[in-house]
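Have a look at the structure below before the remarks.
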Amino acid sequence: MVDTVIDWFAVQGRDLPWRRPGTSAWAILVSEVMLQQTPVVRVLPRWHDWLEHWPTPADLADAPTAEVLRRWDRLGYPRRALRLQECARAIVREHGGEVPRGLDALRSLPGIGEYTAAAVTAFAHHGRAVVVDTNIRRVLARSVRGRALPDASYSAAERALATRSLPTDRERSVAWNQAVMELGALVCTARSPQCARCPLAKSGCAWFAAGRPAAAEGTRRRQAFEGTDRQMRGKIMAVLRRDGEAAVTDLLALDPADPARVERCTATLVADGLAVHAGERLRLP
DNA sequence: AAGTCGGGGCC
DNA sequence: GGCCCAGACTT
């Protein structure tokens, strides 16, 4: 099963820029943070722009935060951009400007959680690490457990499954992590999996063997986006990226029917460090 | 364990 | 109009 997926990747894997030999650990770390909850196609232009302007942690550490947020553009979750700059400063301050090795050192950096620490270990340092992202969760849920989708919450049992599935050999573990993630992204997709193209369908997938049973009735209900504080925060940040600053009274026009919502969101943006007050105006930090 | 946090493209 | 996307962090 492992070699089947690795061989598939050798032929079908995408030539993504952060996978090219010679890519720095910092560039790979930046790609992983940008890819958190964000599709590859939208990350590509931002990643090139960021690495062109800030090729090392020291470069980003010294950058004006307002420019950092502008170059983040519409990637979403702009707190990631702030944490990435804090991460760069921590790397300069505590690790001599080099991306540290080891899960514990990586996890202690701002914005680096369990997944990203493992991904940097595997893809930047070529170490053996249990990488578990949404793609790997789905491939293992289907191929091993015979389920249409992974459980809503990430459990210890699921992590144990991922650990068991990881090859013991270091080089094969790196290849496996990369390959199974790509399989989930290109073939074993959430909505319409293309089992006809899947190297595991014939012999390695319990879900396919069981006739692709449907998922249990939807229990998880996501928060709607239209009309939420998240959307309003995004609108305010879009204005600040475009103009650098705005009069608070002008921002109220973003939702004339509910000025309290605009004020509430402005306050949370300031609390998050994404905006600062300057008299009667709001501007990027 | 559950909520919050962007934004866009696809069905 | 709901769903999904290389998650992290707080409570």
Side-chain angles (χ1 to χ4, degrees), chain A residues 9 13-14 16-19 27-47 69 72-84 86-87 106-124 129-140 148-159 162 174 176-186 188-193 215 218-241 264-265 268-269 271-275:
Chain A
F9 178 82
R14 291 168 292 182
L16 298 176
W18 42 83
R19 289 176 178 165
I28 291 172
L29 187 156
V30 170
S31 79
E32 293 297 345
V33 172
M34 288 184 168
L35 286 162
Q36 290 167 3
Q37 297 287 287
T38 309
V40 167
V41 288
R42 217 164 342 140
V43 166
L44 282 169
R46 295 296 95 218
W47 183 82
L69 289 171
W72 191 257
D73 197 42
R74 292 169 294 175
L75 275 184
Y77 298 133
R79 290 185 297 186
R80 287 186 293 169
L82 294 183
R83 294 197 189 111
L84 203 37
E86 294 168 7
C87 177
L106 288 165
R107 279 288 318 248
S108 72
L109 297 170
I112 308 298
E114 177 180 336
Y115 162 76
T116 305
V120 170
T121 297
F123 306 137
V130 181
V131 178
V132 186
D133 78 321
T134 186
N135 291 306
I136 293 180
R137 290 189 67 201
R138 188 172 53 251
V139 173
L140 292 180
L149 292 172
D151 297 329
S153 59
Y154 178 51
S155 66
E158 194 176 354
R159 190 179 198 291
V174 174
W176 163 257
N177 282 327
Q178 190 77 269
V180 68
M181 191 180 302
E182 188 79 335
L183 186 66
L186 298 183
C188 192
T189 54
R191 262 170 287 189
S192 49
T219 52
R220 45 183 145 178
R221 183 168 294 277
R222 283 176 188 272
Q223 178 190 26
F225 183 59
E226 191 68 26
T228 61
D229 284 1
R230 296 171 69 176
Q231 185 187 36
M232 177 55 61
R233 284 166 56 103
K235 288 182 177 179
I236 295 171
M237 288 302 296
V239 171
L240 296 183
R241 282 196 305 269
R264 180 173 67 247
C265 290
T268 64
L269 288 173
D272 286 343
L274 288 165

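Source: prediction; values computed, not measured. Order of the sequence lines fixes the chain letters, A, B, ..., with proteins taken first and strands second; residue numbering starts at 1 for each chain.
In terms of phosphate contacts, A/Arg233 brings a side-chain nitrogen or oxygen within less than 4.0 Å of OP1 or OP2 of B/dG6. Neither OP1 nor OP2 of C/dC4 sits under 4.0 Å from any side-chain N or O of A/Thr189. Phosphate contact (OP1/OP2 of C/dA6, side-chain N/O of A/Thr134, threshold under 4.0 Å): absent. Between A/Gln37 and the phosphate of C/dC5, there is no side-chain N or O to OP1/OP2 separation shorter than 4.0 Å. Dashed line: the shortest gap from a side-chain N or O of A/Arg138 to OP1 or OP2 of C/dC5 is under 4.0 Å. OP1 or OP2 of B/dG8 sits under 4.0 Å from a side-chain N or O of A/Arg74. One finds no side-chain N or O of A/Arg80 lying less than 4.0 angstrom from the OP1 or OP2 phosphate oxygen of B/dG7.
Each of A/Glu32 and A/Ile112 has a nearest nucleotide on DNA chain C; the 5'-most of these lies closest to A/Glu32. With DNA chain C read from its 5' end, the first of the two nearest nucleotides for A/Leu109 and A/Arg19 is the one closest to A/Arg19. Sequence order on DNA chain B of the closest nucleotides to A/Ser155 and A/Leu75 puts A/Ser155 first from the 5' end. Nearest-nucleotide assignment on DNA chain B puts the 5′-proximal partner with A/Ser153, out of A/Gly234 and A/Ser153.
For A/Arg46, the salt bridge (Lys or Arg N to Asp or Glu O under 4.0 Å) partners are A/Asp49, not counting sequence neighbours.
On a pure distance criterion of 3.5 Å, a polar donor-acceptor pair joins the side chain of A/Thr38 and the base of B/dG6.
When heavy atoms are screened at a 4.0 angstrom cut-off, A/Arg83 is found touching the sugar-phosphate backbone but no base atom. Among the protein residues, A/Trp18 comes within range of the nucleic acid bases, having at least one heavy atom under 4.0 Å from a base atom. At the heavy-atom level, A/Ile28 lies nowhere under 4.0 Å from the strands shown. Within 4.0 Å (heavy atoms only), A/Arg241 reaches sugar-phosphate atoms of the nucleic acid but no base atom. Residue contacts for A/Gly113: at a heavy-atom cut-off of 4.0 Å it reaches the sugar-phosphate backbone alone, with no base atom in range.
Looking only at side-chain heavy atoms (C-beta outward), A/Trp72 and A/Met237 stay at 4.5 Å or farther from each other. Side-chain contact between A/Trp18 and A/Met34 is absent, with no heavy-atom pair separated by less than 4.5 Å.
Taking atom CD of residue A/Gln231 and atom P of nucleotide B/dG8, one finds them 11 Å apart after rounding to whole Å. Atom CG of A/Leu149 and atom P of C/dC5 are 9 Å apart (whole Å). When rounded to the nearest whole Å, the span between CG of A/Asp272 and P of B/dG3 equals 19 Å. Nucleotide B/dA2 holds its C1' atom 15 Å from the CG atom of A/Asp151, rounded to whole Å. We find that CG of A/Leu82 is positioned 17 Å from P of C/dA8, with the value rounded to whole Å. Remark: P of B/dG6 and CZ of A/Arg46 are 18 Å apart, rounded to the nearest angstrom. Counting to the nearest Å, the P atom of C/dC5 and the CG atom of A/Leu35 are 13 Å from each other. Atom CG in A/Leu269 sits roughly 7 Å away from atom P in B/dG6 (whole-Å rounding).
The two residues A/Ala118 and A/Val130 have their closest heavy-atom pair at CB-O, 3.4 Å. Nearest approach of A/Ala185 to A/Arg14, heavy atoms of both residues: CB-NH2, 3.7 Å.
With both ends at atom P, the span from C/dA8 to B/dG8 equals 23 Å, rounded to whole Å. Rounded to whole Å, the separation between the P atoms of C/dA6 and B/dC5 comes to 22 Å.
Across C/dA6, B/dG7, B/dG9, the shortest atom-to-atom separation from the side chain of A/Arg191 is found for B/dG9. When each of B/dC10, C/dA6, C/dG7 is scored by its nearest atom to the side-chain atoms of A/Gln36, the top-ranked nucleotide is C/dG7. The side chain of A/Ala190 lies closest to C/dC4 when the candidates are C/dA6, C/dC9, C/dC4. The side chain of A/Arg230 sits closest to B/dC5 out of B/dC5, C/dA6, C/dC9.
Here the rule is side chain to side chain donor-acceptor pair (under 3.5 Å) with A/Tyr77, and of A/Arg83, A/Gln36, A/Arg230 only A/Arg230 fits it.
Residue-environment remark: CZ (A/Arg74) stays at or below the threshold of 12 foreign heavy atoms within 6.0 Å.
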